[in-house]
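Below is one structure, written out as structure tokens; comments come after it.
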Amino acid sequence: MFIITCPFCGERDQSEFSAGGEAHIVRPKQPTELSDDEWADFLFMRKNIKGIQFERWNHAHGCRKWFNVVRDTSNDKIYAVYKMGEKPPSN
Amino acid sequence: MSENFRSTETKFLDKTNRISFKYNGKKYYGYKGDTLASALLSNGVHLIGRSFKYHRPRGIMTCGSEEPNAIVQIGGNGPFTEPNVRATEQEIYEGLEASSQNCWPNVKFDVGGINNFISPVIPAGFYYKTFMWPKKLWYSLYEPAIRMSAGLGKSPTQPDPELYDHNYLHCDVLVVGGGISGIIAASISADNGNNTVLIDDKNSLGGSTIFQDDENFKIDDEISSVWLNNQIKNIKNKKNLIIKHRTSLAAYHSYNYLLARENLGDHKSLNERSNKLRQRLWKIRAKKVILATGSIERPLIFNNNDRPGVMLANSVKKYIDYFGVRCGNKNVIFTNNDSAYETAISLNKKGINVTIVDIRNYSSSILVKNAKNAGIKIYWNHTVVDTKGYRRIKSIQIMEMSNDGTNVIGSKINLVCDNLSISGGWTPMVHLFTQSGGKLKFRDSDQVFLPNIAMSDQISIGSCNGNFELDDIIKNTISDCKNFLSSSTTDFDLIKVSCPKQKENKNIWLLPNDKPLGKTKPFLDFQNDSTAKDIKLAMREGFRSIEHVKRYTTTGMGTDQGKLANMHALGIISETAGVKMGSLGTTTFRPPYTPLTFGTIVGRNVGTFFDITRKTPMHAWHENHKAKFENVGQWKRAWFYPKGNENMDQSVQRESKAARESAGILDASTLGKIDIKGTDASEFLNRVYTNAWSKLGIGKCRYGLMLNEDGMVYDDGVTTRLSENHYLMTTTTGGAANVLSKLEDYLQTEWPELDVWLTSVTDHFATASVCGPNSKNILKKLFPNIEFNDETFPHMSFKNAELDGIHCRIMRISFTGEHSYEINIESKYGKSLWEKCMDAGKEFNITPYGTETMHLLRAEKGFIIVGQDTDGTMTPIDLQMDWIVSKKKYDFIGKRSLYRSDTMREDRKQLVGLLTDNPSEILEEGAQIVQDEKKQPIEMLGHVTSSYFSPNLNKSIALAVVKNGKKLKGQKLLVPMKDKTIKVTVSDFIFFDSKNERLNA
Amino acid sequence: MLNINYPKIEKKEFPNLELNLVEPIHKLNLRGKNRDFFTKAGKILSIMLPTESNTSATIKNISALWLSPDEWLIYGKDIDKNLMLSLDSEISKLNLGSVTDVSDQWVLINMKGKNVFEVLSKGSPFDFNKFKNTKNVVVQTLLNHVDVILHHNDTNNVDLFVRKSFSEHLWLWINDSSSFL
Amino acid sequence: MKNNYSIFSLLKNSLSYHENWQQAWRDPEPKKEYEAVIVGGGGHGLATAFYLAKKHNMKNIAVVEKGWIGGGNTGRNTTIIRSNYLWDASAGLYDHALKLWENLSQEINYNVMFSQRGVMNLAHNLQDVRDLKRRTHANRLNGIDAVWLSTEEVKKFCPIINTSPDIRYPVLGGTLQRRAGTARHDAVAWGYARGADAMGVDIIQNCEVKGIKRINDAVEGLETTKGFIKTKKIGVVAAGHSSVIANMAGIRLPLESKPLQALVSEPVKPIIDTVVMSNAVHAYVSQSDKGELVIGAGTDAYVSYTQRGSHDVVEGTLKAILELYPIFSRMKMLRQWGGIVDICPDASPIISKTSIKGLYFNCGWGTGGFKATPGSGDLFAHTIANDEPHALNAAFNINRFVSGDLVDEHGAAAVAH
């Protein structure tokens, strides 16, 4: 069980959160103009990185806010959290 | 009267408290504080069980959790029975029953012992190579026989009468292990102001120092055990420190999340277990962790090293010094190091005959000198080559070793003995460290793996960190703790320690023998019967990785998880392969550290607490009226209300007819309700539903269909526009939480610019849905001030109202096809509202109906249920709901996916109605539909999603999804069942009142 | 007259622990983020909505609990229909934010006594060490898998909010756990 | 030529104290070039190599494995084998595998201990009943031996299940596939490895792929920790690490790799002689030949390559076990572990060509790959050898995620194990 620092509520047990997968996959503004391939890319294709991954979590059993987490998927270490709309940390 | 082996007084047992227990049906006595093992040994009992594969007799080997042999069934045959309990850990209590395992008819004579004689033909992995021919026999003979021989103890066959509890614990510092280093660490930590927890698996603190009475081990000029005893008294008064006894650490997960099991009842007699709590699982979050888990002694690997009476030397010392029990009258100590000499001296002091066999040439240790001075005979540079004695060791044969240690020379010497105490050095218990993700390093000098890089904030101290001598243990513990806890001074800064030093290391993983390896049985894993030759066989066959060897030979896979065997397996592999041990790595140590009871892991989450039960405000009413309940997610929903002896069908037929003929009432409180406010509320609905919302009039309701981004139907429900910028959305019962979370997700991440606020009000409102031709009359009675006519209160509209001064929201909407109203009221009035409706409806025979009737009524009307008529593969077009998909809207969730090549296909599975040729034949939900039964392979066109006998149409009706269904209307299809084939005709899926006349009646 | 019915929750006493149902009591959910919203809410309630996370503000018999940067739970004996109406008309109707009556969405159970946090620690992963030594703090967390809002309003005195449909189940669990203190 | 395994070989070798057994497989250094290279020495990869050599006469091939063979999900699963899948495509695929299982020990002369003790799936709510009946009807018409059982029949088949109507989620019935069962997981990898090796396949362990070399849109070879290996055909069967290899080749897959946990109890005498799966409450249990209860837990929702999962998942599984088998409360967990499972959005695998010529992927098996091992290997070998899918795996192409023609086993609740 991780300890995740909700950017709003502070350090909490993982059980209060739900995972939302890869971050920064922006929903296309004009889906109708995408090819089937491009749409499939948005819908299904994932980097599924082994290493530093930017991902979304929701403090589902707390403030219910979504936010971003930088986590190393090879050892589950969390390096940073940041709010939606904020720029990801560069290093 | 058998001989009493309790030879000395001991302060660790309560001699006034004599306890009787049964072992294999025979009554024995011990004292409070004895383990089952010490009590049996005091009665001269060594033979405890039979090994897994060869059924060889085995005895007590150790005094702790590493015990591979002495595992027993506890608690008789009743509900308190427990298999595979280590006699070395189980404290005795009055009335304890224990029995041997894996033997028939008994442990002294075991038929399975025949396996020992065929052992030459059944080496490691033999079963992979045989039992393949003839194939038939595999199923009829071999496989059942293999399955029959499985297992050690017996599973309980009755439910558990005891309870288990959970508790979270957050602390600054957790110290694991109450030996000398753990006690010092806990003391330093608490003094430094840290909120500290010390856990220890025994019933009292002190580890092995607490029974160290040798003059050569001194701390601050006191004998080490005396000094430690004072320290234990001190720490008990520290206010920042919580000490937990009989609490063993089970698992060390990442982020310093640890699980510890506290034993509350297992040491008590059944009468004393009054509150029924057996064990408690502590879920610990520690900011810092100090591991002081100690080390365990290694065995030595030689021919027939597994007989009852062969024990680890330090355990023999504990039995004599702590429990006052001698493990034999004629002891031989077989060692490669100095520590075993402590055992020899202890035994000698108590007047017990001891001889020492040492594989080294000499040692200058003071302990050795003392042993010599005591007149103990020492055979230097000798090894044991064989042992004799079936149910108990009787003698051993030793030989001198060649200079390089690879061979034996000279002639055999026979030594008669009834105990062989072996010591192969020490292995630090790094299990918890590696469980937490830590990486190990290898120390060549004494061939141990030690903690190296930790993944969380922790240190290892004492012998689990490779400090084996008292002065190292104490001094390093103090300095490491000071660093780790940033503490500048401690009470121990001026400590003085004196102790003998370990001299002359010599380690041979597999000792030499006069016979070829193939003719010997040098056991590594005593429980699973894997030997050194099995390891070599595996390597010969190409299994090189330690994991391969382990799996092929089953070494380290027993209930002790290789605590004794693993190091030797690694040693032999590295020697055989010519690879350095450090580069070989270890197998992964997996949680739990010692086996953890399922009940403990589950805690109170059994029975009632297995899962949450959600109830509606009217639940008590349904219960009082004998409703049967259906589980819908975590909700209990009234399923049907049987009258008298009615079965479900009869109830449902009655309820359905009543609802259509006069009036019915349904508890719809479980539907999800989301309050939506904000200037962009309409735009938001446009984006999340397939249809358009901006033009919905205030006070009007509209049905909406929500898709996933993949275009498949996700949820549905009616949303009401309460005012310009205020809507009330309803969702399906099961979808409520997910829909709200999904909508919040879109608002927070994709559309933060929208001014929309969502608030769940699912539990705030109770909902009674009154339907049927008389629903209007009932509502009129309840709400005399409201005009109920189609002009002022048409279908799909809403009104605020008051009932006895309490505000209600009334929606005229229908899921049954009948004229119908949903009344929402604050949920504390829900039950009362329901009762009012029942009262007002009495003259109209208002009939409560449950979910089953609701499903039937809506099926007559052709309304879908998301999750029953859809399965995540249906688009709105497939459901023939094209009308609800706005062509004008630029975008909505899932829209783009409707235009992919497969979703655009015209011959997808589509929702249709099915009528059976025989109108009284009811199709089975889930039945498959075909056109041609004869064609192979059969092409399945779809399946029946909903099926009922309609009392209102007096025939069977069904909804189905059928490939190309839209074009098949009127066609005959087949529903092949196991024993017959049912003929059906594809029909429209609205069976009842397709012109909606009843809605407006 | 319509009768009021609550789930089966009666006053209960355990060693150093007293459990009480505190109902009926009005509860409001406030959502908003702009300055006018804060001003209006503050004025009508006579409380500045707390902006520091996990805290509460209490004046007389009204408490405002921080739930998220744009969400608060307001409850207390002094809230009445009129106050709710004026919040609704001054905030919701003017589109400054949202005011929603959630009086019956949540059930309020008061727990007091030295053993409050002992019981909570049996089912909640939250670290109460700091919390129990601080007044006017709030946490939204899980208690035996159920969402709860905990308001520590006085020493060893906690107001626990649980959604109504879950309340009977949670109540059984609290009773069960309290019996193992 | 490899010596045959049999009782006679055991007897013969016992005379020489088993000193003369041959290596089950060699430990070769990689050659400069192969006709094809399989990336991943798990059951699927080794089976692929075996069938490439046996059926397609491609013998100059290698399997490269970054650790030790069978050390990934092959050695970490709960060994359940069944073919009672809903959709035609899935049923075809898994039943093809099941048929191969039935002769596998003889085919590879290695006893994989395939035990057809039956697999029962339980229903706990009305929708479960509909879904399982739907599946059973489809199975019957597809020639798969699944039958529906009433609650009483469930109890009769496995008496230790708590079928009381008073439990939180009572058992409302179930399905039974008698041909289904379990096998010894390690033996599958070792048996295929031995068989493939005997036909000349190089099995190269401790050889990690570091890069995929392509010229234009065709593969040229692999960079590995043991040097560059030239080849025109690469079949990737890397399970949880599929995306890592895909990223090297510059393509993305619709996969997420998540922790999946399992555990065993201490060994006890036979107490449950079938496999029982319950999706709704999430409890899967069978008993191994050693006597351990083998219990499958669920996946976590986040991506992780750590082979560790959350304790909550284990707790959740065990509480379901105790709900269904209250007699197991005093049993003890001996060992728990985790694997990394690669999951597709539709819970079905990919056995497919890619946009790069000569690069093939076999992945996305999620929580249920073990049962498919022989079939997966056979069909992937066909796909690689012919550069075309077999009819049985045509539906499992990557393009389905573009067209929308998914094989959605989620909807059918036929998840897992």
Side-chain angles (χ1 to χ4, degrees), chain B residues 82-84 120-121 123 126-132 135 143 146-147 150-160 253 518 537 540-542 545 547-548 551 559 590-592 595-599 601-602 605-606 610-611 631 868 871-873 900-903 924-928 938 940 943, chain D residues 5-7 9-11 14 17-19 21 23-25 27 68 71 105-106 110-111 115 125-127 130 133-134 137-138 140-141 168-169 186-187 266-271 289-291 311 315 318-319 322-323 326-337 403-405 408 410-412:
Chain B
E82 184 185 0
N84 306 328
V121 197
F126 73 97
Y127 33 81
Y128 301 130
K129 294 174 178 154
T130 182
F131 302 135
M132 287 177 282
K135 197 179 151 191
E143 206 252 334
I146 291 171
R147 274 158 72 181
L152 294 168
K154 289 187 200 121
S155 164
T157 53
Q158 294 173 45
D160 192 343
H253 296 298
L537 169 67
R540 201 174 301 128
E541 293 195 76
S545 147
E547 284 287 349
H548 274 163
R551 285 156 180 264
T559 61
R590 297 195 165 109
L596 187 59
T597 305
F598 285 1
I601 297 170
V602 174
N605 297 307
V606 290
F610 168 65
D611 194 18
N631 286 313
Q868 177 170 345
D871 60 2
T873 68
R900 294 175 296 170
S901 61
D902 190 71
T903 34
E924 184 168 272
E925 288 171 352
Q928 296 287 330
I938 291 185
M940 286 175 256
H943 73 285
Chain D
Y5 284 163
S6 71
I7 183 69
S9 66
L10 271 169
L11 283 168
S14 72
Y17 307 111
H18 304 284
E19 300 268 355
W21 286 105
Q23 282 191 352
W25 51 83
D27 192 15
W68 36 282
S105 294
Q106 286 72 24
Y110 206 93
N111 194 342
S115 164
N125 59 51
L126 298 174
Q127 191 56 40
R130 288 181 201 107
K133 282 190 170 169
R134 174 185 176 194
H137 284 295
R140 180 170 42 83
L141 296 176
R168 182 69 184 83
Y169 296 106
D186 291 330
E266 291 186 332
V268 286
K269 295 289 171 201
I271 182 78
D289 290 340
K290 284 201 68 193
H311 171 71
E315 181 179 316
L318 282 175
K319 76 178 183 183
L322 296 197
E323 171 85 345
I327 65 166
F328 290 154
S329 173
R330 297 174 86 84
M331 293 285 290
K332 292 180 290 243
M333 174 167 86
L334 177 60
R335 187 167 70 241
Q336 71 175 90
W337 66 90
S403 71
D405 190 11
D408 198 337
H410 280 310

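Chain letters run A, B, ... following the sequence lines, proteins first and then strands; every chain starts at 1. All values below were derived from every heavy atom in this structure, side-chain atoms included, with hydrogens, water molecules and symmetry-related copies excluded.
Between D:Asp289 and B:Arg147 the shortest heavy-atom distance is OD1-CG, 3.5 Å. Shown here for D:Leu334 and B:Pro592, the closest heavy-atom pair between the two residues is O-CD, 3.4 Å. For the pair D:Pro270 and B:Ala150, the tightest heavy-atom approach, listed with the atom from each and the gap, is CD-O, 3.8 Å. Heavy-atom minimum distance, B:Phe126 versus D:Leu10: O-CD1, 3.8 Å. Closest approach of D:Val268 and B:Lys154 over heavy atoms only: CG1-C, 4.0 Å. Pairing each heavy atom of B:Phe131 with each of D:Asn111, the nearest pair is CB-ND2, 3.5 Å.
One finds the OG1 atom of B:Thr559 at 5.5 Å from the CD atom of D:Glu266 (value rounded to the nearest 0.5 Å). With values rounded to the nearest 0.5 angstrom, B:Ile938 atom CD1 is found 4.5 Å from D:Leu141 atom CG. From B:Phe610, atom CZ reaches atom CD of D:Glu323 across 4.5 Å, with rounding to the nearest 0.5 Å. Taking OG1 of B:Thr597 as the start and CZ of D:Phe328 as the end, the distance is 14.0 Å to the nearest 0.5 Å. How far CD of B:Glu541 is from CH2 of D:Trp21: 6.5 Å, rounded to the nearest 0.5 Å.
Proximity to chain B is limited to the side chain of D:Asp27, based on heavy atoms less than 4.5 angstrom apart. Only the side chain of D:Asn125 comes within contact range of chain B, judged by heavy atoms closer than 4.5 Å. If you measure heavy-atom distances from D:Ile271 to chain B, the contacts under 4.5 Å come from the side chain alone. For D:Gln336, the parts lying near chain B are the backbone and the side chain together; criterion is any non-hydrogen pair under 4.5 Å. Contacts of D:Leu11 with chain B are made by both backbone and side-chain atoms, with heavy-atom separations under 4.5 Å. For B:Leu537, the part sitting under 4.5 Å from any heavy atom of chain D is the side chain, from C-beta outward, and nothing else. Only the side chain of B:His253 comes within contact range of chain D, judged by heavy atoms closer than 4.5 Å.
Residue with the most contacts toward chain D among B:Asn605, B:Asn631, B:Val606: B:Asn631 (heavy-atom pairs, distance under 4.5 Å). Among D:Pro326, D:Ser329, D:Gly404, the residue with the largest count of heavy-atom pairs under 4.5 Å with chain B is D:Ser329. Put simply, of B:Arg900, B:His548, B:Gln158, the one with the most heavy-atom pairs under 4.5 Å next to chain D is B:His548. Of all the listed residues (B:Gly518, B:Pro591, B:Ser545), the one sharing the greatest number of non-hydrogen pairs under 4.5 Å with chain D is B:Pro591. Of the listed residues (D:Ala138, D:Ser9, D:Ser14, D:Gly291), the one with the most heavy-atom contacts under 4.5 Å to chain B is D:Ala138. Options B:Ser901, B:Pro159, B:Ala927, B:Ser155 differ in how many heavy-atom pairs under 4.5 Å they form with chain D, and the most are formed by B:Ser155. Between chain B and the residues D:Ala187, D:Ser6, D:Ser403, the most heavy-atom pairs under 4.5 angstrom are made by D:Ser403.
Using a distance-only test at 3.5 Å, with no hydrogens or angles considered, a donor-acceptor pair links the side chain of B:Gln928 to the main chain of D:Arg134. Between the side chain of D:His18 and the main chain of B:Val121, no donor-acceptor pair closer than 3.5 Å is present. In terms of modelled atom types and a separation under 3.5 Å, the side chain of D:Lys319 and the main chain of B:Val602 share no donor-acceptor contact. A donor-acceptor contact shorter than 3.5 Å is absent between the side chain of B:Arg551 and the backbone of D:Gly71. Listed for the D:Gln106 side chain is a donor-acceptor partner under 3.5 Å among the backbone atoms of B:Met132.
Ring pair B:Tyr128/D:Tyr110 is parallel by interplanar angle, where below 30° counts as parallel and above 60° as perpendicular.
A donor-acceptor pair shorter than 3.5 Å can be found between the side chains of D:Ser115 and B:Glu143.
A search for salt bridge (Lys or Arg N to Asp or Glu O under 4.0 Å) contacts involving D:Arg130 returns B:Glu925, not counting sequence neighbours. By the salt bridge (Lys or Arg N to Asp or Glu O under 4.0 Å) test, B:Arg590 pairs with no residue at all, sequence neighbours left out.
The side-chain heavy atoms of B:Pro83 and D:Met331, taken from C-beta on, include a pair separated by under 4.5 Å. At least one side-chain heavy atom of D:Lys332 sits less than 4.5 Å from a side-chain heavy atom of B:Glu82.
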